[in-house]
Number of protein chains: 4
Amino acid sequence: MQKEKKERPDKYYSILNAAGTVFARLGLHKATISQIAQESGVADGTIYLYFKNKNDILYQFMSFKSDIFFEAMRRAVEGNDSADVKLRNLILCHLTEFQQDRDMAIVFQSEVRYRRDIASQIKDISKIYLDLLTEIIEQGQNEGVLRHDLFMGLVKRFVLGAVEGVINTWVAADGKYDLVSMADPLVELYLNGIKAR
Amino acid sequence: MQKEKKERPDKYYSILNAAGTVFARLGLHKATISQIAQESGVADGTIYLYFKNKNDILYQFMSFKSDIFFEAMRRAVEGNDSADVKLRNLILCHLTEFQQDRDMAIVFQSEVRYRRDIASQIKDISKIYLDLLTEIIEQGQNEGVLRHDLFMGLVKRFVLGAVEGVINTWVAADGKYDLVSMADPLVELYLNGIKAR
Amino acid sequence: MQKEKKERPDKYYSILNAAGTVFARLGLHKATISQIAQESGVADGTIYLYFKNKNDILYQFMSFKSDIFFEAMRRAVEGNDSADVKLRNLILCHLTEFQQDRDMAIVFQSEVRYRRDIASQIKDISKIYLDLLTEIIEQGQNEGVLRHDLFMGLVKRFVLGAVEGVINTWVAADGKYDLVSMADPLVELYLNGIKAR
Amino acid sequence: MQKEKKERPDKYYSILNAAGTVFARLGLHKATISQIAQESGVADGTIYLYFKNKNDILYQFMSFKSDIFFEAMRRAVEGNDSADVKLRNLILCHLTEFQQDRDMAIVFQSEVRYRRDIASQIKDISKIYLDLLTEIIEQGQNEGVLRHDLFMGLVKRFVLGAVEGVINTWVAADGKYDLVSMADPLVELYLNGIKAR
DNA sequence: GATGAATGAGTCTTCATTCAT
DNA sequence: CATGAATGAAGACTCATTCAT
């Protein structure tokens, strides 16, 4: 039942992380192979022993991080919790993972958003996320915890958009405050809205 | 009390719009000066009569669009409406403007997000937006329409993030559906949340 | 009735000739764009205003030279001369043209021979030549000047191969002797062979 | 009086043949050390245990093939045959050897022709060939079989050039027909020429 | 003002060659 | 001897920017 992942040499991951750092600092286009090489302490040519080209580095980076991310996500929502707890766990997990890996957070938010030239496989990342949300919300509706009169397509975007907005702000603030502590207040807003009662 | 705007020649705007189109299609980095020149029907060199450099074009484009955008915003929230109506007007205006100018929507969402190299002035765009939100929410609290126990910093991001999430989805779908119709359901979610009552 | 050739700017030809010189000196692969640029007194980038890439330079060079070459060929064999005179004129023309343009001679003989990656259009150069030979030989057979029991496919190669062998030797000798004077003795060998009578 | 040839290990020849194949397929410049290594089933670095560098491989390849080739040549013209028979044997041997070893044929015809950077030793290959021709022709003149009024320098090129032309054509046709059968008709053309009598 | 030809700095990428294991 | 990972020099090509016309 173990993860069947082909083991990559250390240098592969070394380059991958260096790339993450450089991409986060400069963005895909301004980042140069030389900078990534220097950051990971190898020669330029060495990069090409492990990656097809510059785009491939970004792709592999995102794939690698996504696998970790979604594994964490899945663990966060498995079990018999009620929908509202699951939603809270999901958001908490999301913020925790991004806080722990700010390079990923930056690259993910800035590079993956609108690139039409990035493999659609990477774009599916958010699809997985949205599917998890759908599950949770439907479960919540069945449990009677969540409203039935929800336009699912919108709600999913509403939830994901708000988290990402929070993350973007945190990133823009150079991660100076605790992102994870936003989870509970955020979920509370999802659930209750801002109207006085 | 007249508008203190230096009048720009037509060609300036022609280039600006061409740039918007090309930036939207290819992104800042893949877009070339030649393409912008061709799109606007001028010579490459002409662009440098009106803009300092490539980044300046993006900057001017955003400034120009922002001015229009915030003028519309301001009109949307002026008057004596109650806070919930103003919030609805703000969101409606936001979605309307972006739907009407998809180039701006794409450029704004994809290029402006994380560029550390873009003049901070442009980043202030969202500050203005957030300030409007603050005003509205505070008014709502004073009116008793909105909850008092809100962490303002989070709520603003919550609202803006959700709108942007909805816009991003619309852009990714090539603008195939009506964005503006999302305004009311979205505001309803802001106000009431997703919890069943 | 004038040649309908699109006029190219001087710089196009300047680069073309520089390329010919560099290709002749170093061969296509060892020749660098920088060297060609330097030889023609322009910047590296300028080359790309006139040529798609390095291979394109070779291709254009060959096309340009071929046009001149075959125009000369055609003039050499037109008219009402008998076949043996035409053959002599053809060979004479061939040697004259190559002697006058040693860069072309070298590039043609060394680069065009075996490159599978060169557009077949260029390979057709020798086809035109072989067709001219066919015409001449058939005319000669009709006139009774040339033998009828000739395997045309072989004879054509026999004639062209021998001329090229002579040219190759001349090139290898750095063009130190008069190539054109080889024409008559060569044709005499074609016609009479080396057997004593 | 034994052959003073240093015995080379099998791997040397294995690499040599692999190189011949790869050179024939791609040409010296497009062929990579890695491809040659793979073709011969050794590691890249191993090649440098047997060869100084890439050029040296080509050089050794040509030397090796030349030795075999000229050994065959010498056998073809030794004995007391008359000059015309020797000439025929020489050409026959040439075509036979090249047909049997198409890699050599391709490499020889395409790489050796014009390389100024290839050791002159390799260029001497054709010198040996031309010397053999000289011997044969002079013998033929002494025997009265061949014309006395021949410009030897030209005749040699005439003969070699024509054979090579025939070989080139055969190579370009992917060796689809029988090259050896060209020997007799070709020699017949050498001897009698194409003029009707 | 307008042009667009020219520039050349900047990058990715390849691959012959080396060398620690 | 053999390996093949690592190197880094070299070169094709792009494109923002300039400037003579």
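Note that the coordinates shown come from a computational prediction; the quantities given were computed from them, not determined experimentally. Just so it is clear: chains get the letters A, B, ... in the order the sequence lines come, proteins before strands, and each one is counted from 1.
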Pairwise side-chain contact, L28(D) with K54(D), heavy-atom cut-off 4.5 Å (strictly under): yes
Sugar-phosphate, base or nothing in reach of T32(D), heavy atoms under 4.0 Å: sugar-phosphate
Upstream residue (5' side of DNA chain F) when V42(A) and T46(C) are each assigned their closest nucleotide: V42(A)
Nearest-Å distance for atom pair CG/C1', residues L28(B) and dA16(F): 12 Å
Residue mapping more 5' on DNA chain E - nearest nucleotide basis, K52(A) or I47(C): I47(C)
Nearest-angstrom distance from the residue atom CD of Q38(C) to P of dT7(E): 13 Å
Proximity of Y12(C) and F51(C) rings by center, below 6.0 Å: yes
T21(D) side, atom OG1; R102(D) side, atom CZ - distance, nearest 0.5 Å: 11.0 Å
Value in whole Å for how far the P atom of dA2(E) lies from CG of D10(B): 11 Å
F61(D) and F23(D) aromatic ring geometry - parallel, tilted or perpendicular at 30°/60° bounds: perpendicular
Pair assignment for dA20(E), Watson-Crick or G-U wobble, requiring both distances under 3.5 Å: dT3(F)
Sugar-phosphate only, base, or nothing, as touched by A37(A) at under 4.0 Å among non-hydrogen atoms: nothing
Donor-acceptor side-chain pairing of Q60(C) and S63(C) below 3.5 angstrom: no
Candidate nucleotides dC13(F), dT3(E), dA2(F), ranked by approach to the side chain of L49(B) - the nearest: dT3(E)
Between C1' of dA12(F) and NZ of K30(C), the distance in whole Å: 18 Å
Residue-phosphate contact under 4.0 Å: Y48(D) side-chain N/O, dT3(F) OP1/OP2: no
Nucleotide nearest K54(B) when distance is taken to its side chain, options dT13(E), dA16(F), dG8(E): dA16(F)
Length of the CZ-C1' vector between F51(B) and dA2(E), whole Å: 15 Å
Y50(B) side-chain N/O to dA2(E) phosphate OP1/OP2 under 4.0 Å: yes
Atom pair distance, as rounded to whole Å: OH in Y12(D) and C1' in dC1(F): 18 Å
Sugar-phosphate only, base, or nothing, as touched by I33(C) at under 4.0 Å among non-hydrogen atoms: sugar-phosphate
Counter-base of dA9(E), judged by Watson-Crick or G-U geometry with both distances under 3.5 Å: dT14(F)
K11(A) vs dA6(F): side-chain N/O to OP1/OP2 distance below 4.0 Å: yes
Min side-chain heavy-atom separation F108(A)-F69(A) under 4.5 Å: no
Between dA12(F) (C1') and Q35(C) (CD): distance, integer Å: 13 Å
Atom pair distance, as rounded to whole Å: CG in D44(A) and P in dA10(F): 14 Å
5'-most by nearest nucleotide on DNA chain E - S34(A) or G41(C): G41(C)
Nucleotide nearest A43(A) when distance is taken to its side chain, options dT17(E), dT17(F), dT7(F): dT7(F)
